Amino acid sequence: MVRPVVTTETHRPTPFEVFFDLVLAFGLIRATSFMSERPAPVTLVQGLLVLMLLWNSWLAYA
């Protein structure tokens, strides 16, 4: 189990962290807009699978 590390007050996010957060936000927006365009059960399941993959990738990074 990985424990959080306390950083100093001057710690700034790395460019990779900012990029990863932006990609996650963009992916969430695209997945939810995909689900709202054609609200059918199959589309909703596909969108939820994409959201689950995005969430798991973010958890693995965090």
Side-chain angles (χ1 to χ4, degrees):
M1 180 173 159
V2 179
R3 296 185 182 262
V5 178
V6 178
T7 60
T8 62
E9 289 185 25
T10 58
H11 174 73
R12 298 181 53 104
T14 64
F16 181 72
E17 291 172 329
V18 174
F19 174 74
F20 198 80
D21 289 343
L22 289 173
V23 168
L24 177 70
F26 180 72
L28 289 173
I29 291 169
R30 294 292 294 167
T32 54
S33 66
F34 168 76
M35 289 169 38
S36 67
E37 286 176 4
R38 297 179 303 263
V42 173
T43 306
L44 295 177
V45 169
Q46 289 172 344
L48 288 174
L49 286 173
V50 170
L51 290 174
M52 187 177 65
L53 289 171
L54 284 170
W55 185 253
N56 284 335
S57 67
W58 186 81
L59 285 178
Y61 174 74

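We're numbering straight along the sequence, starting at 1. In this text the structure is predicted, and so the values were computed from the model without any measurement.
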* For the side-chain contact (heavy atoms from CB on, under 4.5 Å) test, which of Val50, Thr43, Leu44, Ile29 pairs with Phe34? -> Thr43

* Asked: Same hydrophobic cluster for Leu59 and Phe20, using side-chain heavy-atom links shorter than 4.5 Å among ILVMFWY?
  -> yes

* Asked: Applying the 4.5 Å side-chain criterion to the ILVMFWY set and letting contacts propagate, would Val45 and Met52 be lumped into a single cluster?
  -> yes

* Asked: So if you build clusters from Ile, Leu, Val, Met, Phe, Trp, Tyr with side-chain heavy-atom gaps below 4.5 Å, do Leu54 and Phe16 land together?
  -> yes

* For residues Trp58 and Asp21, determine if any side-chain heavy atom of one lies less than 4.5 Å from a side-chain heavy atom of the other. => yes

* Going hydrophobic residue to hydrophobic residue with side-chain gaps under 4.5 angstrom, can you get from Leu28 over to Leu48? -> yes

* Structure fact -> Output for pair (Leu24 CG, Phe19 CZ), nearest 0.5 Å, gives 11.5 Å

* Contact check, side chains of Val42 and Gln46, non-hydrogen atoms, under 4.5 Å -> yes

* Check whether Leu51 and Leu49 end up in the same hydrophobic cluster, where Ile, Leu, Val, Met, Phe, Trp and Tyr are linked by side-chain heavy atoms less than 4.5 Å apart. => no

